[in-house]
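What follows is a single structure, written as structure tokens, with notes after it.
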Amino acid sequence: MIPRLLAAPAPGWTADTDVVVIGSGIAGLVTALRCRPHGRVLLVTKALLDAGSTRWAQGGIAAALAADDDPGEHLADTLAAGVGLCDEEAVRVLVTEGPDAVRRLIDLGAQFDRAADGSIALTREGGHRRRRIAHAGGDATGAEISRALRAALKDADIEVVEHALVLDLLKDAAGRAAGVTLHVMGEGQPGGVGAVRARAVVLATGGLGQVFSATTNPDVSTGDGVALALRAGAEVTDLEFVQFHPTVLWLGDGARGQQPLVSEAVRGEGAHLVDASGTRFMVGRHELAELAPRDVVAKGIMIRMRETGAPHMLLDGRHLGARLWERRFPTILAACRDRGIDPVTEPIPVVPAAHYASGGVRTDLFGRTSIPGLYACGEVACTGVHGANRLASNSLLEGLVFAERIAAALPDDLGPAAGEPEPPQGAQGLVHPDACTEIQRIMTAYAGVLRDADGLAAAVRELDRLAATAPAGAAEPGVAAWEATNLLTVASAIVAAAGRRTETRGSHWREDHPDRDDDAWRGHLVTRLAGGGLTTTYEGMAIR
Ligand code: SIN
């Protein structure tokens, strides 16, 4: 039984605003800044303002900024990476509005690396046929964007609450979003569970990588937004498409939690993937070799690991030279050297790890979800731009462009004030925090890079067993139990969709159905929570 509520229906305190934005990565910060002219904005975030995934982004932000590039080429590369499941209209919005959105980000204060002639320096990553990735601080792009946006926030008269975990959506009698319940943990704040009443609720809660044992995502990425949306009755799509980044630093078998990323930009600057014998195994697998789309490279690595019995592959960037490593990749260089590996003189051991949810809470082109008044942007959302596999460095751009679109739609959407929130209804049943490691083990064993029917059926059984041990009152309410409950909800939804899609496409790799099947599966799986159970329905795509 998946609970419909995390917290008791009677909150201890209440606050009012016009727009409540949940999350403080690029999507949340830009939404808050751009919505401010339309009313009061309250930004809440689960930990510190810079604790989410944005600040860990290395490679950069993709946009057709070069004189010899154009949005049409960016569109073509994005559609190719998405393997037939992108919403072409959403991608067109992304690539045509992207370049000016990046320029507005620069106007807000973000400082990108520059070439000798003063133009924005651009690099390549997997799936891009051109240099179109803008970066900052070499490989610290997300950190610079986060810094600039947080600085802009200080002057924007936006109330910020850190250390606040969002729990459930509040709705009015008409079913419109009317706020959220929150648990506030910070000192100097009204503590405990309370309610924020708002005319619009924007989910920008980021990803769900912590569902797996090893991920590039920080600790806070426990799928809270997807789980909240499911509990509230919103539609969630494409959850089976969890992208595994091909190259994280291998820290030994059984490494758990957030792993150090080795950006695709390292391959973009010329590093090669090799096996223990020095063979470049991606050559001949795809015309772009190491710069093939991410799913192709992750699979190439997994296959070679299996063929050779090696626990990892190697990324050889010795020929890039010390100067390039120091200038372009200071973060990666330091992370490797901290662990006794010097990329200037030796290849880096790498493996794939969970990285990005291409699916999420379903939205239209203005971030509207299936619940009036509830919006989503950034990784928590499924705008349709990623399809079955996100193109590298399209995520920061998506967060930026669709956050601006929510703000553009808001004045017309707000209408009359939302009604009084109804007391939330539904069964509670919290998962014990000890279950987190078990959820991650199940997901990694059965729903990771390689999937098949038997493994996915085992995952359903084992996750159901964990859910069955969570009757009302089984676990004490608290952040750890709420996060565990969110992880279990999201894991169950991923497994339901992955079991349903009996084909291999993009980042969904079914060993028992190794081919893509456009006749049966060129469409989306839409997941909803009804009663106590998840339903997953298939919607074919219109052929354009
Ligand atoms: C990377 O730098 O390789 C990650 C970029 C991304 O996930 O888009």
Side-chain angles (χ1 to χ4, degrees), residues 25-27 52-63 74 77-78 81-82 91 94-95 98 102 112-113 121-128 131-146 206-209 215-218 221 241-249 258-271 273 282 288 290-298 301 315 317 325 328-333 335-336 343 348 350-358 360 378-379 383 385-387 389-401 506-507:
I26 187 169
S53 291
T54 290
R55 85 144 231 252
W56 296 99
Q58 293 181 349
I61 185 162
H74 190 182
D77 288 348
T78 302
V91 180
L94 179 83
V95 299
V102 171
F112 289 95
D113 295 336
L122 299 168
T123 190
R124 273 185 75 192
E125 289 185 310
H128 290 273
R131 287 187 165 259
R132 68 166 70 91
I133 320 294
H135 46 87
D139 56 3
T141 313
E144 167 56 16
I145 290 174
S146 174
L208 47 77
T215 173
T216 60
N217 294 190
S221 301
F241 298 111
V242 176
Q243 183 174 78
F244 283 70
H245 195 287
T247 55
V248 306
L249 179 59
Q258 188 180 14
Q259 311 290 303
L261 181 67
V262 183
S263 174
E264 284 199 351
V266 178
R267 280 174 275 137
E269 297 294 346
L273 279 165
M282 284 308 299
L288 295 175
E290 284 92 349
L291 285 176
R294 196 165 278 182
D295 59 317
V296 178
V297 180
I301 291 175
L315 183 64
W325 271 105
R328 279 289 284 113
F329 304 116
T331 313
I332 300 167
L333 194 62
C336 289
I348 308 168
V350 289
V351 283
H355 183 58
Y356 191 87
S358 295
E379 187 171 351
T383 60
V385 302
H386 305 313
N389 178 44
R390 174 177 64 86
L391 183 67
S393 286
N394 267 357
S395 48
L396 290 175
L397 189 70
E398 186 202 30
L400 174 63
V401 166
S507 52

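Both ligands and their constituent atoms are indexed starting at 1 by order of listing.
For Gly59, a nitrogen or oxygen atom sits less than 3.5 Å from a nitrogen or oxygen atom of ligand 1, counting backbone and side chain alike.
Side-chain atoms of Glu290 and Thr247, non-hydrogen and from C-beta on, never get closer than 4.5 Å to each other. Using a 4.5 Å heavy-atom cutoff, the side chains of His386 and Gln243 are not in contact.
For Ser221, the side-chain hydrogen bond (donor to acceptor under 3.5 Å, both in side chains) criterion is met by no residue, not counting sequence neighbours. Every residue two or more places apart in sequence or in another chain that forms a ring pair (Phe, Tyr, Trp, His ring centres under 6.0 Å) with His245 is listed here: His355.
Close approach to Ala392 involves these atoms of ligand 1, each under 4.0 Å from a residue heavy atom: 8 (O). Close approach of ligand 1 to Glu125 is summarised as follows: ligand atoms under 4.0 Å from at least one heavy atom of the residue are 1 (C), 2 (O), 3 (O), 5 (C).
Listed here is the closest heavy atom pair of Glu379 and Asn217: OE2-OD1, 4.4 Å.
Heavy-atom distances between His355 and ligand 1 reach below 4.0 Å in at least one pair. In this structure, Ser393 counts as a contact residue of ligand 1, since one of its heavy atoms falls inside 4.0 Å of the ligand.
Distances from atom 6 (C) of ligand 1 to the heavy atoms of His135, Glu264, Arg294, Gln58 show the closest one on Arg294.
Here the protein heavy atom with the shortest distance to atom 2 (O) of ligand 1 is Ser263 OG, 2.7 Å.
Note: His74 NE2 to Leu397 CG = 6.0 Å, rounded to the nearest 0.5 Å.
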